[in-house]
Amino acid sequence: MRAIACAVAAVLVCLVPLALAEDRPAYRVLARDKGHVAVVNPKGEVEWEVPCKTDAHDIAMLQSGNVLMPVSATKIVEISPEKKVVWEYESTPKAGYKGRVEVHAFQRLADDVTLIAESGNQRLIEVDRAGMIVREIPLTVDKPDAHRDTRLARKLDNGHYLVCHEGDGKVREYDDTGKVVWTYTLDLAGRPRSPGHGPEGHGTEVFGAIRLPNGNTMIAGGNNNRVIEVDKDGEIVWSIGHDELPGIRLAWVTTLQLLPSGNLIVGNCHAGPDSPQLFEVTREKKVVWTFKDLKTFGNDVAAAQVLGVKGKVVR
């Protein structure tokens, strides 16, 4: 009987978001997996959900409470808490291009303008509320592929754009004309390349990056299985390795959120049932919060956002 009770307790731990310190707040989490987008509260209860039958590499809850999310490989929508679509935009091949287009990143900017990264079209566009393209930024792509041209892309405070190029294995910063002003090229960190989407896979297919207040760039390495902070000269000044954190094995590292405290929320996709889907880590590499909800979400949580943080969050 004691063995059965222990087994039941172990299952419950897998289903409920876990806070590692009693004096720390547990977060609400917005994420996409298992055919839906959902908000889960600290008790593991689904507060809100809508169907989402497409893969999602980006997602955002706006200040209004509306959610910006994809509904297909080419279409993103803004949906209200009442589940009403209040804005949408669908990307199509640009003039002179007849291939496939995919959207893997988007960001709501000031004045209700939305930044959209269009793989295949090899460009960023800024779209207004009426669906008009008000700015176009051409991208440099070494290995064109409509599925791999880009992953996450963000507009920076200086007006430049930070773009992750999965197929190229590079993070590039562009000015507003499309000129590349900074590049970081990922390497294999001394490990051989290996196939697979889980912890067994290893490569340079980068997923996410944010610009820190100190001017450095924090990079979610994708199947590079690590998080690295690099300075303007491309030197690594801080990192989290593949197996560096106790109880966590990094697989496809996706989203990053820098909290006002300086702690980092890290998305750990395809990591399997033994590692969390999200975790919070301090600068001293102490894990202070984890999220593992295998009931609501599965092994494909590539797009997620921790909600309810007071102060400015960089993501």
### Message
Tell me whether Asp168 is salt-bridged to Lys143, with the criterion being a basic N under 4.0 Å from an acidic carboxylate O.
### Response
no

### Message
I want to check something: taking the side chain as every heavy atom from C-beta on, are Asp112 and Asp128 in contact at a cut-off of under 4.5 Å?
### Response
no

#### Entry: Salt-bridge present (Arg226, Asp187; N to O < 4.0 Å)
yes

### Euclidean distance, Thr255 OG1 relative to Ile210 CD1, rounded to 0.5 Å
10.0 Å

### Selection residues 62-76 - residue pairs positive for salt bridge (Lys or Arg N to Asp or Glu O under 4.0 Å), sequence neighbours left out
Lys75-Glu88

#### Entry: Any side-chain donor near an acceptor of the partner, Glu90 and Thr74, under 3.5 Å
yes

### Task
Examine Val37 and Val39 and state if one hydrophobic cluster contains both, with Ile, Leu, Val, Met, Phe, Trp and Tyr joined whenever side-chain heavy atoms are less than 4.5 Å apart.
yes

### Message
Do Leu250 and Pro199 have side chains that approach each other closer than 4.5 Å (heavy atoms only, starting at C-beta)?
### Response
no

### Query
Does a sphere of radius 6.0 Å around NZ in Lys232 hold more than 12 heavy atoms from other residues, nucleotides or ligands, not counting ones at 6.0 Å or beyond?
no

### Message
Is the shortest side-chain heavy-atom distance between Val67 and Trp48 below 4.5 Å?
### Response
yes

### Query
Is the Tyr27-Trp289 ring centre distance short of 6.0 angstrom?
yes

### Query
Hey, are the side chains of Met69 and Cys52 touching, using non-hydrogen atoms and a 4.5 Å cut-off?
yes

#### Entry: Salt-bridge criterion met for Glu205 and Arg193 (N-O under 4.0 Å)
yes

### Which atom of Ala209 lies closest to which atom of Thr217, heavy atoms considered
CB-CG2, 4.1 Å

### Query
Taking side chain as C-beta onward, heavy atoms only, is Pro260 less than 4.5 Å from Lys310?
no

### Query
When clusters are formed by joining ILVMFWY residues with side-chain heavy atoms under 4.5 Å apart, either directly or through shared neighbours, do Leu186 and Trp238 land in the same one?
no

### Message
Closer than 4.0 angstrom, basic N to acidic O: yes or no for Asp111 and Arg129?
### Response
no

### Message
Check for me whether Arg211 meets the cation-pi criterion with Trp182, that is, NZ or CZ under 6.0 Å from the six-membered ring centre and within 45 degrees of the ring axis.
### Response
yes

### Query
For residues Ser72 and Thr54, is any side-chain donor paired with an opposing acceptor at under 3.5 Å?
no

### Message
Please tell me whether Ile240 and Ile236 are part of a single hydrophobic cluster in this structure, the criterion being side-chain heavy atoms less than 4.5 Å apart.
### Response
no

### Task
Using atom types as modelled and distance alone, determine if a side-chain donor or acceptor of Glu136 lies under 3.5 Å from a backbone N or O of Arg123.
no

## Note on the structure
Here the gap from Arg249 atom CZ to Asp243 atom CG, rounded to the nearest 0.5 Å, amounts to 4.0 Å

### Message
Quick check: do Glu102 and Asp149 have side-chain heavy atoms less than 4.5 Å from each other?
### Response
no

### Query
Looking at Arg135, Arg154, Lys155, which one forms a side chain to side chain contact (heavy atoms under 4.5 Å, CB included) with Leu109?
Lys155

### Task
Please work out whether the ring planes of Phe297 and Phe291 are parallel, tilted or perpendicular, with thresholds of 30° and 60°.
tilted

### Evaluation steps, ring pair (Phe, Tyr, Trp, His ring centres under 6.0 Å), between His104 and His147
CA-CA 8 Å; His104 297 282; His147 186 63; 5.3 Å; yes

#### Entry: Separation of Ser80 OG from Leu62 CG (nearest 0.5 Å)
11.5 Å

### Query
If you measure from OH on Tyr161 to CG on Leu124, what distance do you get to the nearest 0.5 Å?
7.0 Å

#### Entry: Heavy-atom pair with the smallest gap, counting every atom of Asn121 and Pro93
OD1-CA, 3.5 Å

### Task
For Arg283 and Glu229, run salt bridge (charged side-chain N to carboxylate O under 4.0 Å, His left out): C-alpha distance rounded to whole Å, both residues' side-chain angles, the deciding distance at 0.1 Å, then the answer.
CA-CA 11 Å; Arg283 192 71 181 181; Glu229 178 185 345; 2.7 Å; yes

#### Entry: Leu156 and Glu173: CA distance, side-chain angles, deciding distance, side chain to side chain contact (heavy atoms under 4.5 Å, CB included) verdict
CA-CA 9 Å; Leu156 304 176; Glu173 179 181 347; 4.0 Å; yes

### Residues Asp142 and Arg172 bridged, charged N to O under 4.0 Å
yes

### Matching residue for Asn263 among Glu280, Glu284, Lys286 - test: side chain to side chain donor-acceptor pair (under 3.5 Å)
Glu280

### Summary
Note: Lys285 and Leu245 closest approach over all heavy atoms is O-CD2, 3.6 Å

### Query
For Trp87, is the NZ or CZ atom of Arg108 found under 6.0 angstrom from the centre of its six-membered ring and inside 45 degrees of the ring axis?
yes

### Verify same cluster id: Ile59, Val29 (apolar side-chain graph, 4.5 Å)
no

### Message
Are Asn299 and Trp252 packed together at the side-chain level, in the sense that at least one heavy-atom pair is separated by less than 4.5 angstrom?
### Response
no

#### Entry: Lys179 atom NZ: more than 12 heavy-atom contacts under 6.0 Å
no

### Query
Donor-acceptor pair, Asp293 side chain versus Val40 backbone, under 3.5 Å?
no

### Task
With side chain to side chain contact (heavy atoms under 4.5 Å, CB included) as the test, would you mind laying out the steps for Val288 and Val281 before giving the verdict?
CA-CA 6 Å; Val288 295; Val281 63; over 6 Å; no

### Query
Any link between Ile137 and Ile125 through a network of hydrophobic side chains (Ile, Leu, Val, Met, Phe, Trp, Tyr) touching at under 4.5 Å?
no

### Query
Any Lys/Arg nitrogen of Lys94 or Glu118 sitting under 4.0 Å from an Asp/Glu carboxylate oxygen of the other?
no

### Message
Are more than 12 heavy atoms, taken from residues, nucleotides or ligands other than Asp233, located less than 6.0 Å from that residue's CG atom?
### Response
yes

### Task
Would you sort out whether Met218 and Leu264 count as a side chain to side chain contact (heavy atoms under 4.5 Å, CB included), showing the intermediate values?
CA-CA 10 Å; Met218 192 74 77; Leu264 192 68; 4.1 Å; yes

### Summary
Smallest heavy-atom separation, Glu49 atom then Ala38 atom, equals CB-CB, 4.0 Å

### Query
So how far is it from Thr150 OG1 to Leu139 CG, rounded to the nearest 0.5 Å?
7.0 Å

### Task
Determine whether Pro273 and Leu294 make a side-chain contact, defined as any pair of heavy atoms from C-beta on separated by less than 4.5 Å.
yes

### Task
Look up atom CD in Glu166 and atom CZ in Phe207, then write down how far apart they are to the nearest 0.5 Å.
8.0 Å

### Task
Might you work through the side chain to side chain contact (heavy atoms under 4.5 Å, CB included) test for His160 and Asp176, ending with a clear yes or no?
CA-CA 6 Å; His160 291 182; Asp176 60 2; 5.9 Å; no

